[in-house]
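What follows is one structure encoded as structure tokens, with my remarks underneath.
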Amino acid sequence: MKFANILLENNERAIRHPAMYCRATAPVVFDKAEMEWLLYSAGEYDFTTYFNSLSVRKLEQYAGADDFALHLEIKGSECVFLQTKATSFSTESEILSNTRKEISGADDWVAIDVPLVVDSDAILIGFILETSGPIYIRGGYYSLSIGHPLNDIELALATTTFKKERFIEANIASVKKEILGSDDEIAKHFHMHVVDNGRTLDWQSLNDGGVTVYPNDNVGGAGGFARGMIQAMEQETPATHVLLMDDDVAVSPESIKRTYNLLRIANSEYKDSFISGAMLDYQNVVDQWEDTAAFIDGRCQAIKPRIRMTEIEDLVFNEDSEPTDRQRNNQYAAWWYCCIPMSTIRNNGLPLPIFVRYDDVEYGIRCKPKHFMTMNGIGIWHMAFHVRYNSAVERYQTTRNGFIGSATTGIASDKEMLSYLHDTLQLELKKFSYASAELILDGFEDFLKGSSFIKGKVAEDRFMEANRKKEKLVPLDELWSDPVLHDVEMSSLTRQAINEDSPRGLSDRFIDLLSCNGQKTTFLKDKEDIAVISADGNAYPAGQIRNRNKLLVVDWYSKKGAIRCRDIERFKRIVKRYKRDMKYYKANKSKLYDDYAKARSAMTSVEFWKKYLGI
């Protein structure tokens, strides 16, 4: 069967970063007159890339695939075909010399079918075209054989959107053209469900046979995806798999096609696996942030480091690296792109009603699929984490939902969650970020109210309240009227200056720990000038902030900032509140955890969600 198309795209992303598709010594352009792709002049065109190499090691593992072949259609100048491979030790494409095939020039299209050699050490295979002049290519694809019947697949794409029209309308149009309008097998077995939490889409113009838009209350990502799962479950031909995808992403339809094809060929060992699509950086297009992650010590941790998908060694690393045992026991797939078998949903229920954040963490750990399948070429582009930092999410939501996930599902131990609570609270207090510290306690206190609170339709109101209470950043031009900044030159706010730190000695560290950056004692002599630090809540520039009583926090990406001042009275109120909450928690922990654990089944049922959603 055909598994993966040779992909070349005519969009800004592909034009700016062609090495995701083809590394070449001459341009690759889309010829509008011919409506085909032109390898512009004599040169070497290497398709051993993120989108156009074939992950043979994983295809052998996931499907028992063999008998790999390449189909191409070419016209134009003479050229030479060379097969490539990449192994665990490759830093560039390795040419298999015995695969050389000379192709005569032709004015009409010539079909070329090449059996591919897969050595025992090959992780990836690809090909190079050496051209003597310009040639056109079209209709290329990799095919393979498997030794078992194909799986019957009905794939539903469920995406939840809230006032992200620019992204979601582009993705709907792309799906309609490239998937539903294609000749590929997926077109007959695919439906896109769009849950519009903002009720801003013109659903009548967007709906057709393969796309349905549902105006919905704002129930967050968890509620939107629950709605999508239900609609996929109850569509005319029930879905066998649901692909969850964020709204504010860019996606190549080829990734969705490969997801469908991988589901069709998966063997008995892998057919009930999750498929986890990678998150690539929307701005730095070639960088991959994550493809799966683990929840460890109360925190989300990417299983792989940040890697660059134009480098052969990183393409190989992405395919042959494995999670540790600890990571595997706490592994999950983020819902920016996650494909889940419907059988898993029927057996394990729907998401918890927690609006946003950790819904995917809790669900992945709850379901514990035997495997998470990942593959080069399957993923989306999303804004990087530090660009979209929101303290209402990262402080209120993560605290509340982390404890709920711990109590309902055991995503982390109570000790790990308490350590996370203490560490994040201390971090915010040291940076005089009192609003964020209060959001942490808001989240913790809402958890302490028990399952009956979260079962009520309060998630949206609580999240909106957190957004109202969070620290407000204002444009730097407006901020500069504050006399506190009279000695600070705006030109000094370079990215380096905002993110730098100063070293501390052991005695400095000890004093900072005991004094919580001067808020527990008054004997320290403050520095008079204001410190400049990043607005990223996870940053801890300890040397920069010590002995300061004023901080200028700057979000370099949005060109906004805020001034923070040491407020010892507010600090004392927060600490007192924290101690009171901890006393209540310790007295009621067993009761709380028992309550949440017993409530999980009801909160994740179809009946509960239909009532919650009003459908």
Side-chain angles (χ1 to χ4, degrees), residues 298 389-404 414 417-450 453 458 461-474 482 484 510-527 530-531 533-542 544-553 561-589 592:
Y389 182 86
N390 178 353
S391 59
V393 175
E394 302 302 337
R395 292 303 180 238
Y396 171 77
Q397 291 288 142
T398 57
T399 303
R400 188 196 69 187
N401 295 351
F403 274 95
I404 290 174
D414 62 321
M417 291 309 306
L418 289 173
S419 174
Y420 168 80
L421 174 68
H422 177 269
D423 290 349
T424 52
L425 189 68
Q426 289 295 307
L427 174 63
E428 298 295 10
L429 289 174
K430 287 175 183 177
K431 297 190 294 183
F432 311 151
S433 183
Y434 303 113
S436 293
E438 288 164 348
L439 287 176
I440 292 170
L441 295 181
D442 286 347
F444 187 51
E445 289 164 7
D446 279 356
F447 160 72
L448 296 177
K449 294 173 183 175
F453 179 74
V458 298
D461 289 343
R462 296 302 294 143
F463 181 57
M464 298 307 291
E465 177 68 13
N467 271 291
R468 286 190 290 270
K469 293 173 69 173
K470 71 181 181 182
E471 180 179 60
K472 301 299 185 291
L473 302 182
V474 301
D482 194 306
V484 170
F510 183 69
I511 291 169
D512 292 345
L513 178 65
L514 290 182
S515 69
C516 198
N517 197 20
Q519 294 170 102
K520 292 182 179 179
T521 64
T522 57
F523 69 84
L524 297 173
K525 185 176 180 181
D526 293 332
K527 296 177 182 177
I530 191 167
I533 66 171
S534 170
D536 183 351
N538 297 312
Y540 180 39
Q544 287 289 94
I545 65 175
R546 73 179 316 267
N547 293 356
R548 313 271 187 165
N549 57 26
K550 293 184 179 64
L551 304 176
L552 170 61
V553 296
I563 297 170
R564 295 178 188 163
C565 299
R566 183 187 294 153
D567 186 337
I568 293 178
E569 291 306 311
R570 193 173 182 185
F571 169 82
K572 290 179 178 178
R573 289 196 300 270
I574 292 171
V575 171
K576 183 178 180 180
R577 181 180 168 192
Y578 170 63
K579 291 179 178 178
R580 181 198 66 201
D581 289 347
M582 286 305 303
K583 182 178 180 180
Y584 181 89
Y585 173 82
K586 290 175 182 177
N588 294 276
K589 185 184 79 169
L592 274 167

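- Residue Y396 holds its OH atom at 12.0 Å from CG of L441, rounded to the nearest 0.5 Å.
- Aromatic ring orientation, F444 versus F403: tilted (interplanar angle from 30° to 60°).
- Expressed to the nearest 0.5 Å, how far CZ of R564 lies from OG of S433 amounts to 4.0 Å.
- Residue F571 comes nearest to C516 through the heavy atom pair CE1-SG, 3.6 Å, listed as atom of the first residue, atom of the second, then distance.
- Contact between E428 and A437 at its shortest, heavy atoms only, is CB-N, 4.0 Å.
- Residues D442 and R577 are in side-chain contact: their nearest non-hydrogen atoms beyond the backbone lie under 4.5 Å apart.
- A salt bridge does not link D461 with R468: every distance from a Lys NZ or Arg NE/NH1/NH2 to an Asp or Glu carboxylate oxygen is 4.0 Å or more.
- Residues K430 and I545 share a closest heavy-atom pair of O-CD1, 3.5 Å.
- The CG atom of N401 sits 10.0 Å away from atom CG of D446, with the distance rounded to the nearest 0.5 Å.
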**Request:** Output, in order, the C-alpha distance, side-chain angles, deciding distance and verdict of side-chain hydrogen bond (donor to acceptor under 3.5 Å, both in side chains) for Y389 and N538.
**Result:** CA-CA 9 Å; Y389 182 86; N538 297 312; 5.1 Å; no

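- The CG atom of L592 sits 8.0 Å away from atom OH of Y585, with the distance rounded to the nearest 0.5 Å.
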**Prompt:** Checking side-chain contact (heavy atoms from CB on, under 4.5 Å) for the pair Q519/F432: CA distance, chi angles, key distance, verdict?
**Reply:** CA-CA 9 Å; Q519 294 170 102; F432 311 151; 3.8 Å; yes

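- Side-chain contact between E471 and V553 is present, with heavy atoms from C-beta onward closer than 4.5 Å.
- Heavy-atom contacts from other residues, nucleotides or ligands closer than 6.0 Å to NZ of K472 number more than 12.
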**Item:** Audit row: V393, F463, side-chain contact (heavy atoms from CB on, under 4.5 Å) steps and yes/no
**Value:** CA-CA 8 Å; V393 175; F463 181 57; 3.6 Å; yes

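- For K589, the NZ atom counts as loosely surrounded, since its 6.0 Å shell holds 12 or fewer non-hydrogen atoms of other residues, nucleotides or ligands.
- In this structure, K431 contributes its side chain and A539 its backbone to a donor-acceptor pair below 3.5 Å.
- The existence of a salt bridge linking E445 and R580 is confirmed by a sub-4.0 Å separation between a basic side-chain nitrogen and an acidic carboxylate oxygen.
- In this structure, R570 pairs ionically with E438, as a charged nitrogen and a carboxylate oxygen lie closer than 4.0 Å.
- Residues L473 and A562 share a closest heavy-atom pair of CD2-CB, 3.7 Å.
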**Request:** I would like to know whether Y578 and H422 meet side-chain contact (heavy atoms from CB on, under 4.5 Å); could you show each step before the answer?
**Result:** CA-CA 9 Å; Y578 170 63; H422 177 269; 3.6 Å; yes

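- Interatomic distance, CZ of F453 versus CZ of R462, reported as 5.0 Å (0.5 Å rounding).
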**Request:** Determine, step by step, whether L439 and T399 satisfy the side-chain contact (heavy atoms from CB on, under 4.5 Å) criterion, reporting the C-alpha distance in whole Å, the side-chain angles of both residues, the deciding distance to 0.1 Å, and the verdict.
**Result:** CA-CA 9 Å; L439 287 176; T399 303; over 6 Å; no

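- For the pair L448/N588, no side-chain contact is recorded, criterion being any heavy-atom separation below 4.5 Å from C-beta on.
- R566 and N547 get closest at one heavy-atom pair: NH2-C, 4.2 Å.
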**Asked** Can K586 and D414 be said to form a salt bridge (charged side-chain N to carboxylate O under 4.0 Å, His left out), step by step?
**Response** CA-CA 11 Å; K586 290 175 182 177; D414 62 321; over 6 Å; no

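- Note: D581 CG to L421 CG = 8.5 Å, rounded to the nearest 0.5 Å.
- Residues N390 and N467 are in side-chain contact: their nearest non-hydrogen atoms beyond the backbone lie under 4.5 Å apart.
- The shortest side-chain heavy-atom distance between T424 and E394 does not fall under the 4.5 Å cut-off.
- Residues L429 and Y434 are in side-chain contact: their nearest non-hydrogen atoms beyond the backbone lie under 4.5 Å apart.
- Atom CE of M464 has 12 or fewer neighbouring heavy atoms from other residues, nucleotides or ligands inside a 6.0 Å radius.
- Of all heavy-atom pairs spanning R395 and G537, the tightest one is NH2-O, 3.1 Å.
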